[in-house]
Amino acid sequence: MAMLTYLVKSKARRRLLLLLWGEARHAAGMPQRGSVTELADAVGISFGSAHKELAEMKRLQLVTAGQVDGKEVFAANHAHPHAAVLRALVATSHAPAVAATSRADEALLQALRRLGAPLAKAGAVKPKAVAAKPGPQPQPLLPLLARSLELARRRPDVAKALPVLFSRRSHEFTHVGLRALKLAADKKHALGFLLELAGEVAGDQRLATLAEALVDHRVHRLQPFFIGAVSRRAAKPGFALAKKWGFSMELDAAAFRDLYRKVARP
């Protein structure tokens, strides 16, 4: 990572290069494409930063761009004359911020979308086809929490979507139901943070009250919310709630509020 950091000063640019040009992902046929919004969410940067970097990459022919379902989708241009040099440089660095989407992850994402999570449908591995059943009903949210929290700590887009989903499915959260959850202490603590955040963005004090029972009192210092390479910086100024729960996070409170305001129905 030291060489790439030295040559590429912009963190947003490095993250997009790692995601789009990672040799291991390319060799394995893993998704390395997406719209501006999807790529920005995948690596935890703002839409504006992603748009600026992708426009410059397009100008330099480092990425290709095409229309898919009415959206401009970007991918690494492996036909570029210096593609091999760039792949070699990226190969000396850490893996991309977001891991490849497995079939299990994509099945979980689909289940969360059916429940109301505002998650974009990126070009991910599709789950194996199953016979269609008449009138499928979304399953309850609580049994999905353990895996959803694991995914949220690897993917900023899932972390931003869960508070919206929690506010939409707030009727499923009760003191009795939360006490019955078989979650490890660290997962309960992460759930408490996202529950209180859901209450804050949605103006639902009941969710914030429920979150109090999930605090892990052994947490005495800041720890990264995202696991892996997604975030290595301290919580942004003003994100008091993250600090209260002992998490550092590159996303700030505005990122969560903006998504809620964008998708919440009056």
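Throughout, residue positions are numbered sequentially from 1 according to the sequence presented.
To the nearest 0.5 Å, the span separating NE2 on H78 from CH2 on W21 amounts to 5.5 Å. With rounding to the nearest 0.5 Å, the separation of CE in M249 from CG in L222 is 11.5 Å. Here L115 contributes atom CG and R169 contributes atom CZ; the two are 5.0 Å apart, rounded to the nearest 0.5 Å. E196 contributes atom CD, which lies 10.0 Å from atom CG of L207 (distance to the nearest 0.5 angstrom). To the nearest 0.5 Å, atom CD of residue E200 and atom CD of residue Q205 are 10.0 Å apart. Rounded to the nearest 0.5 Å, atoms CZ (R206) and CG (L195) are 9.0 Å apart.
A donor-acceptor pair under 3.5 Å links the side-chain atoms of N77 to the main chain of Q61, judged by distance alone. In this structure a side-chain-to-backbone donor-acceptor pair under 3.5 Å is present from D252 to A255. Checked by atom type and distance alone, the side chain of H80 never pairs as donor or acceptor with a backbone atom of L62 at under 3.5 Å. No donor-acceptor pair under 3.5 Å is formed between the side chain of Q223 and the backbone N or O of F247. Judged purely by atom type and a 3.5 angstrom limit, R154 has no side-chain atom pairing as donor or acceptor with the backbone of F226. With S49 contributing its side chain and I45 its backbone, the two residues share no donor-acceptor pair below 3.5 Å. Judged by distance alone, with hydrogens and angles left aside, the side-chain atoms of R59 form no donor-acceptor pair with the main-chain N or O of L54 at under 3.5 Å. R14 contributes a side-chain N or O that, together with a main-chain N or O of V8, makes up a donor-acceptor pair within less than 3.5 Å.
No side-chain heavy atom of S167 sits under 4.5 Å from any side-chain heavy atom of V201. A 4.5 Å side-chain heavy-atom check between S170 and D204 finds at least one atom pair inside the cut-off. The shortest side-chain heavy-atom distance between E38 and K71 falls under the 4.5 Å cut-off. Using a 4.5 Å heavy-atom cutoff, the side chains of D216 and W245 are not in contact.
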Taking distance alone, no hydrogens or angles, what donor-acceptor pairs closer than 3.5 Å link side-chain atoms of residues 173-183 to residues at least two apart or in another chain?
| residue | atom | partner | partner atom | Å |
| --- | --- | --- | --- | --- |
| T174 | OG1 | G177 | N | 2.9 |

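Residues satisfying the side chain to side chain contact (heavy atoms under 4.5 Å, CB included) test with H51, not counting sequence neighbours, are V36, F47.
Note that R153 lies in the cation-pi zone of F225, set by a 6.0 Å cut-off to the ring centre and a 45° limit from the axis.
Both V90 and L60 belong to a single network of hydrophobic side chains, linked directly or stepwise wherever heavy atoms of I, L, V, M, F, W or Y lie under 4.5 Å apart. The hydrophobic cluster containing L162 also contains V263, counting ILVMFWY residues as joined when their side-chain heavy atoms lie under 4.5 angstrom apart, directly or transitively.
Under the 4.5 angstrom side-chain criterion for Ile, Leu, Val, Met, Phe, Trp and Tyr, the cluster partners of V68 are V73.
Comment: K58 engages E72 in a salt bridge, judged by a side-chain N to carboxylate O separation of less than 4.0 angstrom. In this structure, E56 does not pair ionically with R13, as no charged nitrogen and carboxylate oxygen lie closer than 4.0 Å.
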Begin with the C-alpha distance, continue with both residues' side-chain angles, and end with the deciding distance and a verdict on side-chain contact (heavy atoms from CB on, under 4.5 Å) for L214 and H189. CA-CA 5 Å; L214 300 172; H189 194 74; over 6 Å; no
